[in-house]
Asker: 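One structure, as structure tokens, below. Some questions next.
Bear in mind the structure is a predicted one, so any value in this text is a computation, not a measurement.
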Amino acid sequence: MASFSTSRAKSKTIILFLNITFLFLFFFYLSTSYFIDQSTEPKVTANHSLVLQESIKTDGCSGIHDYIDYRSKCIYVKSHIGCRPKGYINYLQIFYCTCGQFSILGYIMLLLWLAVLFYLLGNTAADYFCPALESLSKLLKLSPTIAGVTLLSLGNGAPDVFASIVSFTRSSNGGVGLNSILGGAFFVSSVVVGVISLLSGPREIYVDKSSFIRDVCFFLFSLCSLLLIIIVGKISLWGAISFLSIYLGYVGVVCIMHFDRYRKENRLTVDGNQEEDFLERGIPLLGYVDHEKPILVDKTTADDQRSSLIFCNLNSPFFYYLGSLLYVLELPLSLPRRLTIPVVSEARWSRPFAVISVALAPILLAALCTSQKEKEFGSRSSLVAYVIAVLIGMVLCNLACVTTTKCSPPKKSLFPWLAGGFLMSVTWTYIIAEELVSLLISLGYVLGINPSVLGLTVLAWGNSLGDLIANVAMAMTGGADGAQIAISGCYAGPMFNTLLGLGISLVISSGSKYPSSFVVPEDPSLYETIGFLMGGLLWALVILPRKDMRLDKSLGIGLLAIYLCFLSLTLARSLGLLKLHGFS
């Protein structure tokens, strides 16, 4: 219990730090955008103009490193089309113009904002997206098997899926999406499985052979299909739909195997309780994680209530004002989402927030739609969109006031509430993922590193860190069943991200080019990534059956060695120490 309290305190500290960081960056951005930049904007000289006319011929924003002084770089960023931001914030202008000669300050700002975006992406999925999916699953009465391989997989893989979609549709840099999906899949299937195997070695833990072979074989088939698409270099709309439909085949095979096992077990079952136990054993891996979530939420809620009671007993004005200050400091990152995402769970129900959220949600959607069309607020179409959104918000607000009570969330007509929560959590995830991809692309230009490499490493590690912590903890504390859940999740999750994340991205991109084909981003390093990833899968497919499906050190050491070789090759190429395929 002490360790749990300590982890809760650390989590609170991290959240508080990120909120303070957000406030600092927000006020820094406002002050520099409207006051400092106007006074320190560099003058454009004749020499600068002549140089910049030549630089316009270059692709992207990579020519920025041809200049030495920060003033020339600032002018280049402001005048070059390729340096325009892919998201909502111009990070290159902040780094080269606002920070100028204080490059260390610029690096600190970008890295702090990167940490905030990673937290927002994961927290939005965990606190809003996944609960909405789980509630929809229960409301629609989906079987645990179908829910596990569809809605729950989508909840766990939401950051990767949306980052991939954004990179293809908004940033015009699909290589970031491809590399982030494949990098995350490689990290989870190699590093996470390797760590679990090393830690589980002395305990003689075995995994289910049929489930393991099924997941790995489907994953290998998915990677072979993706490799064929990359080799061809283009894909039609029907080809993208076919790639996406591979996951439907996987869901079908999982369901068939599940019901077949249930039928066989049902013949041998005498006691009805044993039948219920088998139903739980037949739930796919992600279903177990979902099954345990309410327990964790209940403990957290109990701890929060207990700590709040203790806090309230401290009648000192100092502690009262300190608690109020801490509460206010935790609002910056949570309040905007809380005001626009409807939440109808028992633990988090608040009628004022619910009413306000349904009123503001249409306005946020209107703002997002108008920004995607790159039209100013003053234009007629944008104004009409906002007026319609305000009217819809007012109607929904009045309906929410009439149909809800202060004590408990609505019991009837839950589907509109859950659908609205799902839609708005998707909206927020998309906005955050769009900004995260934009920041990574800008960091790539600043560091002189291909943004795809950052997607393969930084973005993939950030999105997979939760899988590492959750799966290792599940394997270490859940016994044999926990290890089975963790290992299977290490293959089912990345396969979902590969097929759904890239599949939806390819469908959207090829649909926009229909009847022509969509040209897949050309990145020779993708062959190496897929090759190493398939090598890790084949290593596991060979070693585990030979060890009678027992997790041991040989599997873990081999997987970690494969990943370290791949990482060394990638870093050597990005640092210019090794040149492959004409890319340094």
Side-chain angles (χ1 to χ4, degrees), residues 21-118 120 166-167 170-173 176 367-368 370-372 374-377 431-451 454-455 458-459:
T21 299
F22 173 76
L23 285 176
F24 169 71
L25 294 176
F26 178 73
F27 286 114
F28 177 82
Y29 176 73
L30 288 181
S31 61
T32 54
S33 298
Y34 295 99
F35 299 103
I36 299 179
D37 280 354
Q38 296 179 359
S39 60
T40 61
E41 185 174 355
K43 302 284 192 297
V44 180
T45 62
N47 291 333
H48 281 143
S49 300
L50 192 59
V51 173
L52 290 172
Q53 288 178 0
E54 297 178 357
S55 68
I56 297 296
K57 301 177 183 178
T58 61
D59 296 328
C61 196
S62 57
I64 196 170
H65 293 285
D66 295 337
Y67 309 99
I68 299 176
D69 62 301
Y70 75 93
R71 293 183 180 274
S72 299
K73 291 182 178 181
C74 176
I75 297 173
Y76 180 90
V77 166
K78 289 185 174 181
S79 58
H80 201 281
I81 298 177
C83 297
R84 291 180 180 176
K86 310 301 181 183
Y88 302 96
I89 302 175
N90 194 330
Y91 299 104
L92 293 177
Q93 186 169 331
I94 291 176
F95 185 85
Y96 289 112
C97 300
T98 303
C99 297
Q101 53 188 338
F102 304 103
S103 58
I104 299 297
L105 178 62
Y107 284 118
I108 294 175
M109 296 295 168
L110 296 184
L111 292 178
L112 287 175
W113 184 236
L114 181 66
V116 171
L117 289 178
F118 269 126
L120 284 175
V166 166
S167 68
R170 285 286 290 161
S171 69
S172 301
N173 197 331
V176 176
L368 180 62
T370 53
S371 67
Q372 299 297 320
E374 297 181 356
K375 293 181 179 180
E376 297 180 358
F377 175 76
I431 293 172
I432 298 167
E434 181 179 25
E435 203 59 37
L436 180 59
V437 172
S438 175
L439 176 56
L440 285 177
I441 293 175
S442 300
L443 277 174
Y445 289 133
V446 170
L447 300 174
I449 300 175
N450 189 336
L454 293 178
V458 177
L459 183 57

Asker: Using side-chain contact (heavy atoms from CB on, under 4.5 Å) as the criterion, point out the one residue from I89, I94, T21 that pairs with W113.
Answerer: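 When side-chain contact (heavy atoms from CB on, under 4.5 Å) is applied between W113 and each of I89, I94, T21, only I89 qualifies.
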Asker: Rounded to the nearest 0.5 Å, what separation is found between the OH atom of Y76 and the CG atom of L92?
Answerer: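 Reported value, rounded in 0.5 Å steps: 10.0 Å.
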Asker: Are N90 and V77 close enough that some pair of their side-chain heavy atoms sits under 4.5 Å apart?
Answerer: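 They are in contact (side-chain heavy atoms under 4.5 Å apart), so the answer is yes.
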Asker: Any non-hydrogen side-chain atom of L447 less than 4.5 Å from a side-chain atom of Y107?
Answerer: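 Yes, close enough: below the 4.5 Å cut-off.
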Asker: Any chance you could measure Q93, atom CD, to S442, atom OG, to the nearest 0.5 Å?
Answerer: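 Atom-to-atom, Q93:CD and S442:OG are 11.0 Å apart.
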Asker: Closest approach of K73 and I68, non-hydrogen atoms and distance?
Answerer: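 What the structure gives for the nearest pair is CE-O, 3.9 Å.
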Asker: Give the minimum heavy-atom separation between C99 and G106, together with the two atoms involved.
Answerer: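 Closest heavy-atom pair between C99 and G106: SG-CA, 3.6 Å.
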Asker: Where is the tightest heavy-atom contact between L25 and M109, given as atom of each residue plus distance?
Answerer: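 So the two residues come closest at CD2-SD, 3.2 Å.
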Asker: Which heavy-atom pair separates F95 from S103 by the least distance, and what is that distance?
Answerer: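 Smallest heavy-atom distance, with atoms named: CE1-O, 3.7 Å.
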Asker: Can you confirm whether Y91 sits close enough to L443 that some side-chain heavy atom of one is under 4.5 Å from a side-chain heavy atom of the other?
Answerer: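 Y91 does not reach L443 side chain to side chain.
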Asker: With rounding to the nearest 0.5 Å, note down the distance linking CG in L112 to CG in L117.
Answerer: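 Between atom CG of L112 and atom CG of L117 there are 11.0 Å.
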